[in-house]
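Worksheet: the structure to be examined is printed underneath.
Just so you know, these numbers use all the heavy atoms, side chains as well, and skip hydrogens, waters and symmetry mates. Letters A, B, ... mirror the listed sequences (proteins, then strands); counts begin at 1.
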Amino acid sequence: DAGVIQSPRHEVTEMGQEVTLRCKPISGHDYLFWYRQTMMRGLELLIYFNNNVPIDDSGMPEDRFSAKMPNASFSTLKIQPSEPRDSAVYFCASSQTGGLGRKLFFGSGTQLSVL
Amino acid sequence: EDKVVQSPLSLVVHEGDTVTLNCSYEVTNFRSLLWYKQEKKAPTFLFMLTSSGIEKKSGRLSSILDKKELFSILNITATQTGDSAVYLCAVEASSSNYKLTFGKGTLLTVNP
């Protein structure tokens with residue numbers, strides 16, 4: 001398996017523009033997570049899905065952020081309108097139900113810069 | 001609110017040294033503790049610990065969990081420059097909907 005695939009790897013945009021980040025989880029994994037990482041706050045969970053259904057979006061900073069998972073192999077995280085404080089690395093991760101513990105597999109991340 | 005605190009925040013050692021990284025946590029209904037290594041980009045999985053006192057080992061890395069004192073340590077012996085990375089600790093609790101809460105990480109730099 002190719003692992004978790006994210007695109008784009010880098011995104012530079014201007015304040016006010018819409019940004020869409022994409023993720024393909026590992027085949028067979030039924031959990032998908034979106035994280036944001038900054039120097040100040042570390043890794044923060046934004047939202048996660050189980051079997052394509054959003055379970056907990058309490059980490060989504062505000063209404064400008066939305067996430068969808070239309071099927072088991074694809075998810076998007078959208079920011080509209082984007083702001084400079086959204087600049088961060090956004091990671092998608094997936095995992096599989098079963099046993100104790102949540103072993104996450106991370107994608108390579110999207111480095112977002114909002115100017 | 002679940003809390004995970006790692007120490008030290010950063011550490012600089014010479015090749016061959018042994019290092020110990022610490023992770024303490026406060027969660028309700030603990031399920032597991034995980035260690036990840038983050039080099040350039042994506043965190044990669046190292047260990048998952050669920051029971052106290054049982055050491056997990058992989059080569060020069062080892063980790064142990066103390067559920068009574070609510071902490072874990074990650075040991076790296078005979079460090080190499082390739083061990084330079086951020087080491088992240090994360091805790092999963094059933095009270096938080098099985099989400100992982102991450103610490104801020106320890107930046108380890110191994111100099112030749």
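- For the atom pair CD of Q111(A) and NZ of K41(B), the computed distance is 5.0 Å after rounding to the nearest 0.5 Å.
- Interatomic distance, F47(B) CZ to K103(A) NZ, rounded to the nearest 0.5 Å: 11.5 Å.
- When all heavy atoms are compared, the tightest approach of G107(A) to A42(B) is O-CB, 2.9 Å.
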*Report the C-alpha distance between Y35(A) and L100(B) in whole Å, list the side-chain angles of each, state the deciding distance to 0.1 Å, and finish with yes or no for side chain to side chain contact (heavy atoms under 4.5 Å, CB included).*
CA-CA 10 Å; Y35(A) 280 88; L100(B) 282 186; 3.5 Å; yes
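- Between F105(A) and T44(B), every side-chain heavy-atom pair lies at or beyond the 4.5 Å cut-off.
- Two different hydrophobic clusters hold I55(A) and L77(A) under the rule that ILVMFWY side chains link at heavy-atom gaps under 4.5 Å.
- In this structure, I73(B) shares a hydrophobic cluster with I64(B), F71(B), the cluster being traced through Ile, Leu, Val, Met, Phe, Trp and Tyr side chains under 4.5 angstrom apart.
- One hydrophobic cluster, built from ILVMFWY side chains closer than 4.5 Å, holds both L46(A) and L21(A).
- With a 6.0 Å radius and a threshold of 12 heavy atoms from other residues, nucleotides or ligands, D63(A) has its CG atom at or below the threshold.
- For L88(B), the part lying under 4.5 angstrom from a heavy atom of chain A is the side chain only.
- By the 4.5 Å side-chain criterion applied to Ile, Leu, Val, Met, Phe, Trp and Tyr, L115(A) is assigned to a cluster that also includes V12(A).
- When heavy atoms are compared at a cutoff of 4.5 Å, Q37(A) approaches chain B solely by way of its side chain, counted from C-beta outward.
- L45(A) touches chain B through its side chain: at least one heavy atom from C-beta onward sits under 4.5 Å away, while N, CA, C and O do not.
- In E14(A), the CD atom is not crowded: 12 or fewer heavy atoms of neighbouring residues, nucleotides or ligands sit closer than 6.0 Å.
- Outside the 6.0 Å centre-distance limit, the rings of F106(A) and F45(B) are not counted as a close aromatic pair.
- One distance of note links CG of L43(A) with CD of Q38(B); it measures 6.0 Å at 0.5 Å rounding.
- Within 6.0 Å of NZ on K57(B) lie more than 12 heavy atoms contributed by other residues, nucleotides or ligands.
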